Amino acid sequence: MKIIGTGSALPKKSVTNDMLSEFLDTSDEWITTRTGIKTRHIITDERFEDLATEAAARAIDAAGLCPDDIDYIICSNVSNYFVTPHLSSLIQGGLGIKGPGCPTMDVNVACVGFVYALDLCDALLSTGRAHNILLVAAEECTRFCDWTDRNCSVLFGDGAGAVVVSKGDSLISCRLTSVPMPDVIVYRNPMEPTPFETGEGVDVHMPLQMKGREVFRMAVSSASRDIQQVVADAGLELGDIDHFLLHQANLRINEAIRENLGQPEEKFPTNVQRFGNTSSASIPLLLDEGIREGKIRRGHKVLMSAFGAGFVTGTLILKY
Ligand code: UT7
């Protein structure tokens, strides 16, 4: 595969830490020092599917294509008002792609969804099943949070990033992992009770729960390990990588990974300060910004690495 266009979209409302401390027992000082986050965009009266479609339209435009050139749509998504129909089908409708020759599907691999889906795109393109794939990562995690709980709600933001990928030999190496650890980050959908329930074993609805410190430790150790592995698999040195696009959950996590790797700060772009944790959208948002600012250029070696609920990780290197 190769990436031929990128795009992104953010909700219009930007919320500062001080705005949160008006109704939560928190402070700008705590949030900034523990996470690096200063502001985040939060969905208000926009329709989430419109935001995802906007990012998609920008990526198609940047690729020099029109919507009807797209023959497969994949959407990475954990949080979405619609459980069904799936978001990629709504995006298809929003773009005016009539089908039927354009399959659509969503993948849910938590914050790692974009990296997993890029690997999937490579498989679909190399077997000739698709020619121009639209991959959108769109998330509204702020809807998962209990807004009376300072532990989680201060961390997240909403947003969408998209790429168009077509056939090419950009992907240099990739490592995806999954270890079943259901308690470290968990959110269950509210479900209607059936008349057959006994009540036993049925969990009451809970907002997002997270074992922050455990996730922090696993994130640093797994990303440091995976990054060194994919670099070695590619026959490269860490110094050969031009840009390390890490999942943006916490600036301290990324700083610890960077220190383990002994690489300079300018190779690690960040957006968590402005956008919070946007789950699987965080890496495509970084990518789009880096390309638009002219920092990520053709021929550069770009490493992407993410971790998330599961516990899952995904790391890949591509030549942009
Ligand atoms: O996309 C992947 C998803 N998740 C992550 O990557 C999260 C990884 N973990 C983290 O980023 C960090 O663990 C957190 C930012 C979530 C928490 O930072 P921490 O340094 O691990 O703090 P902590 O959870 O150990 O809490 C320290 C204190 C506690 O008070 P006490 O018990 O020491 O009195 C918390 O109640 O900070 C308190 N606290 C807060 N105080 C002010 C927790 N949240 C807040 C808050 N404002 N928003």
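If you read the sequence from its start, that first residue is 1, and numbering goes on from there. Only a predicted model underlies this, so the values are computations on that prediction, with no experimental measurement involved. Whatever order the structure lists ligands and atoms in, that order sets their numbers, starting from 1.
T32 and D28 share a donor-acceptor pair across their side chains, judged by distance under 3.5 Å alone. The closest side-chain donor-acceptor pair between T177 and T313 falls under 3.5 angstrom.
K12 NZ: more than 12 foreign heavy atoms inside a 6.0 Å radius.
Applying the side-chain contact (heavy atoms from CB on, under 4.5 Å) criterion to P100, with sequence neighbours excluded, gives no partner residue.
Hydrophobic cluster membership of L285, counting Ile, Leu, Val, Met, Phe, Trp and Tyr whose side-chain heavy atoms lie under 4.5 Å apart directly or via other members: L10, F275. When hydrophobic side chains of Ile, Leu, Val, Met, Phe, Trp and Tyr are connected at separations under 4.5 Å, I70 ends up clustered with I4, I43, F48, L51, I60, L65, I73, Y81, F82, L87, L90, I91, L95, I97, L134, V136, V164.
The 4.0 Å heavy-atom shell around ligand 1 contains residues D25, T26, W30, R34, T35, C111, R150, N151, V154, L155, I185, M210, G212, R213, V215, F216, H247, A249, N250, R252, I253, N277, F307, ordered by chain and number.
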